[in-house]
Amino acid sequence: MKHAAVRLKPKEDGRIAAGHCWVFSNEIAEVTGDPQVGDVVEVKSSREKSLGFGFYNPNTLISVRMFTKEFREPDKTFFVDRIKDALGIRDRLFNVPYYRLVYGESDFLPGLIIDRFNGLFSIQISSAAMEKRMPFILDALHGLFSPAAIYERNESPTRELEGLPQTRSILHGVEQTADYDEEGVVFRINPFRGQKTGFYFDQRLNRIFSRRFAQGARVLDLFSNEGGFALNLAHHGAESVLAVDSSQQATLALRINSELNGLKNVSVETADVNEFMSGVASSGGTFDVVVCDPPSFTHNRKSVTAAKVAYRRLHEKIFGLLVKNGTLLTSSCSHHVYRETFEEIVNDAALRCGRTLQLLHRAGAAPDHPVLPSMPETEYLKFDAYEVR
Ligand code: SAH
């Protein structure tokens with residue numbers, strides 16, 4: 001069968017040949033066969049060599065998202081196979097069925113994220129082609145898992161670029177919660193209400209790592225969400241934990257989770273971190289451990305400069321609150337701020353505050369967020385642990 005095809009310009013095909021999944025609109029020399037939004041196209045090098053097949057969308061900067069080298073019809077069987085491959089990895093990694101089951105391009109399902117909370121599944125789609133194949137995705141999930149519920153959490157800004165609406169709905173079952181046991185700390189998660197797709201699985205191993213700094217510590221957890229770090233630290237010997245988040249839904253869930261774990265050493269403040277910090281900034285040396293895990297400060301390259309300034313100011317305020325020989329556990333999930341840059345900013349802030357840093361540990365997202373070495377865009381989370389002198 002002859003497919004519609006996209007031929008790349010000379011010198012623009014090396015990245016795709018090396019395994020990157022995105023063809024940008026300015027890299028295309030010629031389109032043949034009149035493909036429509038969401039159709040499968042064959043991608044060819046400038047010399048007409050086949051590089052594989054991808055989903056087409058002429059209306060976006062990312063014109064093709066590759067999903068296979070050898071042709072495969074993206075039907076139900078295809079989705080079953082790909083989800084099974086993804087499941088194989090998660091089964092080996094985790095001892096409870098709570099994880100990011102499918103992480104888009106990194107699991108060769110571009111534009112599709114699926115989080116699993118035991119029998120509850122939360123789906124986020126960010127491309128028109130995936131949206132068209134939703135029936136196959138649902139069939140595949142029903143066949144593999146007999147889910148109790150499936151939610152659609154299609155509220156990401158990237159959907160607008162693909163001409164897709166913002167929606168949240170229950171596709172199967174009813175709204176319900178699931179109790180996720182993070183190696184001894186329980187989180188009651190409502191995947192239909194929680195932020196993004198319900199819960200931040202990406203920080204799981206970093207939260208478990210954070211436990212070693214808990215003993216006897218006065219902890220501040222900034223951008224706490226539902227208590228990911230706060231409760232791990234509170235459960236593992238912290239003297240006190242103060243959690244701050246601006247989302248009322250998140251702090252309410254944090255309080256519930258705190259009770260669920262029988263923790264008495266956690267207090268919660270629903271506040272904007274900047275406002276909170278200006279309120280306490282002058283007190284100095286109040287906390288032994290500060291956790292900082294803000295949302296992304298930039299969604300494009302243009303705002304990187306502003307993001308850098310925001311990171312620096314935030315960390316300057318943190319250093320004002322940390323005791324001598326305290327611990328900073330800080331994260332950045334801004335795609336466009338690379339690790340090296342992030343670490344320079346944190347160090348710059350420390351120097352401005354007369355502090356000296358020792359970097360103890362570097363990490364990224366948990367392994368249910370695989371990284372494609374050929375595609376740097378699949379890596380985003382930076383987590384660093386510092387001793388602050
Ligand atoms: N550490 C958490 C995840 C944090 S996600 C975990 O492990 O689960 C980032 C959080 O920052 C979100 O909960 C969001 O509500 C919060 N947030 C975003 N902007 C904020 C602001 N200006 N002040 C306080 N919280 C903010």
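Any value given below was found using the heavy atoms of this structure, including those in side chains, with hydrogens, waters and symmetry copies removed. Just follow the structure's listing: the first ligand is 1, and inside any ligand the first atom is 1.
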task = Might you work through the side-chain hydrogen bond (donor to acceptor under 3.5 Å, both in side chains) test for N257 and R188, ending with a clear yes or no?
result = CA-CA 6 Å; N257 286 329; R188 181 152 295 165; over 6 Å; no
request  = Inspect the surroundings of CD in E259 and state if more than 12 heavy atoms from other residues, nucleotides or ligands are less than 6.0 Å away.
outcome  = no
inquiry  = Heavy-atom distances under 4.0 Å decide this one: backbone, side chain, both or neither, for S331 against ligand 1?
reply    = neither
message = On the six-membered ring of Y56, is R65 placed so that its NZ or CZ lies under 6.0 angstrom from the centre and within 45° of the ring axis?
response = no
ask   = What protein heavy atom sits nearest atom 23 (N) of ligand 1, and how far off is it?
value = V273 N, 2.8 Å
ask   = Looking only at non-hydrogen atoms, which of P295, G194, A250 approaches atom 19 (N) of ligand 1 most closely?
value = P295
ask   = What part of Y200, side chain from CB on, backbone N/CA/C/O, both or neither, has a heavy atom under 4.0 Å from ligand 1?
value = side chain
query = Are any of the N or O atoms of V244 closer than 3.5 Å to those of ligand 1?
reply = no
request  = Keeping the roles fixed (side chain from R355, backbone from G320), state whether a donor-acceptor pair exists under 3.5 Å.
outcome  = no
remark   = Restricting to heavy atoms, the pick from S246, S224, C292 nearest atom 24 (C) of ligand 1 would be S246
inquiry  = Between ligand 1 and R207, can you find any atom pair, the residue atom being a heavy atom, that is separated by under 4.0 Å?
reply    = yes
request  = Among E48, E12, E27, E42, find the residue that satisfies the salt bridge (Lys or Arg N to Asp or Glu O under 4.0 Å) test when tested with R7.
outcome  = E48
message = With respect to D293, determine whether any N or O atom, backbone or side chain, lies less than 3.5 Å from an N or O atom of ligand 1.
response = yes
Residue, atom name and distance, where the atom is the protein heavy atom closest to atom 4 (C) of ligand 1 = F223 O, 3.2 Å
task = May I ask you to decide whether K49 forms a salt bridge with D13, counting only side-chain N to carboxylate O separations under 4.0 Å?
result = no
note = In ligand 1, the atoms that come under 4.0 Å of a heavy atom of S247 are 15 (O)
ask   = What residue and atom, counting heavy atoms only, is the protein's closest point to atom 13 (O) of ligand 1, and at what distance?
value = D245 OD2, 2.6 Å
key: Whether A271 lies under 4.0 Å from ligand 1, heavy atom   = yes
request  = Identify the protein heavy atom lying closest to atom 12 (C) of ligand 1, giving its residue, its atom name and the separation to 0.1 Å.
outcome  = Q195 OE1, 3.1 Å
request  = Say whether, by atom type as modelled, one donor and one acceptor occur between the side chain of R389 and the main chain of N325 under 3.5 angstrom.
outcome  = no
Neighbour count >12 (heavy atoms, 6.0 Å) for atom CD, Q358 = yes
note = For atom 22 (N) of ligand 1, the closest protein heavy atom turns out to be D272 OD2, 3.0 Å
request  = Look only at interatomic distance and state if Q203 has a nitrogen or oxygen under 3.5 Å from any nitrogen or oxygen of ligand 1.
outcome  = no
CZ on F342 to CZ on F297, rounded to 0.5 Å = 9.0 Å
query = Around atom NZ of K84, are there more than 12 heavy atoms of other residues, nucleotides or ligands at under 6.0 Å?
reply = no
